[in-house]
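Positions are given from 1 along the sequence. None of the values given here were measured: they were computed from a predicted structure.
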Amino acid sequence: MSDWLAYGIAAVLTLPLPFLFLFYFFARKWSKHKWKAIHRTAGFTAPVFVLAVHVLLMVLFERSFFPFILIFLLLLLGVSIITQYKLKEEVQLFRAVRGFWRVSFLLFGLFYVGLSTFGLILRLFFS
């Protein structure tokens with residue numbers, strides 16, 4: 001049973017884009033609202049993309065960048081809180097974390113696509 005769990009987690013981390021579309025499909029069927037499904041998908045798959053970027057960085061550069069990723073996430077959360085304070089003059093932590101989570105989904109999704117492209121080019125042309 002633990003093998004199936006390990007294989008499932010490995011499949012999700014190595015192929016997060018099909019997982020993203022699959023989760024969106026089920027979220028869309030469940031909620032019937034397009035934007036709610038998109039927000040749920042972004043909220044649920046953001047940690048998947050963060051871990052997938054970590055795995056890609058480990059494979060490409062053969063060292064762990066997890067502390068740097070955590071520092072980047074904390075800085076991003078700080079920017080989110082400061083931005084909310086500047087705009088609203090009051091910090092609502094739930095809104096700040098939700099905005100941070102959505103921005104991290106977008107950034108790490110782009111990082112994943114960029115690192116995947118870099119890895120393909122590196123392995124095809126320079127190995």
Side-chain angles (χ1 to χ4, degrees):
M1 182 66 182
S2 65
D3 288 340
W4 285 99
L5 181 65
Y7 291 144
I9 291 172
V12 167
L13 288 181
T14 55
L15 298 170
L17 290 177
F19 176 71
L20 172 90
F21 291 121
L22 185 69
F23 188 83
Y24 172 73
F25 174 74
F26 285 120
R28 180 73 191 259
K29 292 291 181 187
W30 185 53
S31 70
K32 304 287 187 197
H33 295 284
K34 180 181 176 181
W35 284 107
K36 280 187 180 181
I38 289 172
H39 290 280
R40 281 192 183 124
T41 303
F44 190 74
T45 57
V48 173
F49 276 109
V50 170
L51 291 175
V53 165
H54 171 65
V55 169
L56 271 175
L57 286 170
M58 283 181 55
V59 168
L60 290 174
F61 301 111
E62 297 176 353
R63 66 179 279 221
S64 177
F65 288 92
F66 196 69
F68 298 110
I69 291 172
L70 285 178
I71 291 170
F72 178 73
L73 286 171
L74 288 173
L75 287 173
L76 195 61
L77 179 62
V79 167
S80 175
I81 290 173
I82 290 170
T83 303
Q84 186 181 15
Y85 177 74
K86 294 285 186 185
L87 292 176
K88 304 274 185 180
E89 300 265 337
E90 180 181 345
V91 176
Q92 295 174 345
L93 193 59
F94 181 74
R95 286 186 61 150
V97 169
R98 189 172 58 189
F100 150 74
W101 209 240
R102 290 176 183 168
V103 169
S104 66
F105 165 77
L106 289 174
L107 285 176
F108 279 93
L110 290 173
F111 291 160
Y112 178 79
V113 170
L115 284 171
S116 295
T117 305
F118 175 73
L120 281 172
I121 291 170
L122 189 70
R123 300 286 187 219
L124 288 176
F125 297 117
F126 299 109
S127 288

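One distance of note links OG of S116 with CG of L17; it measures 7.5 Å at 0.5 Å rounding. Remark: L15 CG to F21 CZ distance equals 12.5 Å, nearest 0.5 Å. Rounding to the nearest 0.5 Å places OG of S104 at 10.5 Å from CZ of F111. Taking CG of L76 as the start and CZ of F72 as the end, the distance is 5.0 Å to the nearest 0.5 Å. With rounding to the nearest 0.5 angstrom, the CZ atom of F108 is 10.0 Å from the CG atom of L115. Here the straight-line distance linking atom CZ of F66 with atom CD1 of I71 works out to 11.0 Å at 0.5 Å rounding.
Remark: R63 is positioned above the aromatic ring of F65, its terminal NZ or CZ atom under 6.0 angstrom from the ring centre and at most 45 degrees off the axis.
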Q: May I have the step-by-step check of side-chain contact (heavy atoms from CB on, under 4.5 Å) for L110 and L106, ending in yes or no?
A: CA-CA 6 Å; L110 290 173; L106 289 174; 5.5 Å; no
Q. Can you check side-chain contact (heavy atoms from CB on, under 4.5 Å) on L20 and F105, steps first, answer last?
A. CA-CA 11 Å; L20 172 90; F105 165 77; 3.7 Å; yes
(Q) Is there a side-chain contact (heavy atoms from CB on, under 4.5 Å) between L107 and R102? Walk through the geometry before answering. (A) CA-CA 9 Å; L107 285 176; R102 290 176 183 168; over 6 Å; no
Q: With side-chain contact (heavy atoms from CB on, under 4.5 Å) as the test, would you mind laying out the steps for R95 and K88 before giving the verdict?
A: CA-CA 11 Å; R95 286 186 61 150; K88 304 274 185 180; 4.2 Å; yes
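Under the 4.5 Å side-chain contact rule for hydrophobic residues, L93 and Y85 share a cluster. Using a 4.5 Å cut-off between side-chain heavy atoms of Ile, Leu, Val, Met, Phe, Trp and Tyr, with links allowed through other members, L124 and F118 fall into the same hydrophobic cluster. Note: the hydrophobic cluster containing V91 also contains L77 (ILVMFWY, side chain heavy atoms under 4.5 Å, direct or indirect links). L122 and F61 fall within the same hydrophobic cluster, where Ile, Leu, Val, Met, Phe, Trp and Tyr residues are linked whenever their side-chain heavy atoms come under 4.5 Å apart, directly or through other members.
Classified by interplanar angle (parallel below 30°, tilted 30° to 60°, perpendicular above 60°), the ring pair F23/F44 is parallel.
For the residue pair R123 and V59, the shortest heavy atom distance occurs at NH2-O, 3.5 Å. Looking at every heavy atom in both residues, L60 comes nearest to G119 through CD2-CA, 3.5 Å. Between P16 and V48, the shortest heavy-atom distance links the atoms CB-CG1, 3.8 Å. Counting all heavy atoms, side chain and backbone alike, W101 lies closest to G43 at NE1-O, 2.7 Å.
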Throw together a table of side-chain donor-acceptor distances under 3.5 angstrom for residues 51-58, partners on residues two or more places apart or in other chains.
none

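The hydrophobic cluster around F94 extends to none of the other residues, as no ILVMFWY side-chain heavy atom falls under 4.5 Å of it.
Side-chain atoms of I81 and V97, non-hydrogen and from C-beta on, never get closer than 4.5 Å to each other.
T83 contributes a side-chain N or O that, together with a main-chain N or O of V79, makes up a donor-acceptor pair within less than 3.5 Å.
Within the structure, side chain to side chain donor-acceptor pair (under 3.5 Å) contacts touching residues 18-38 (residues at least two apart or in different chains) are Y24-R28.
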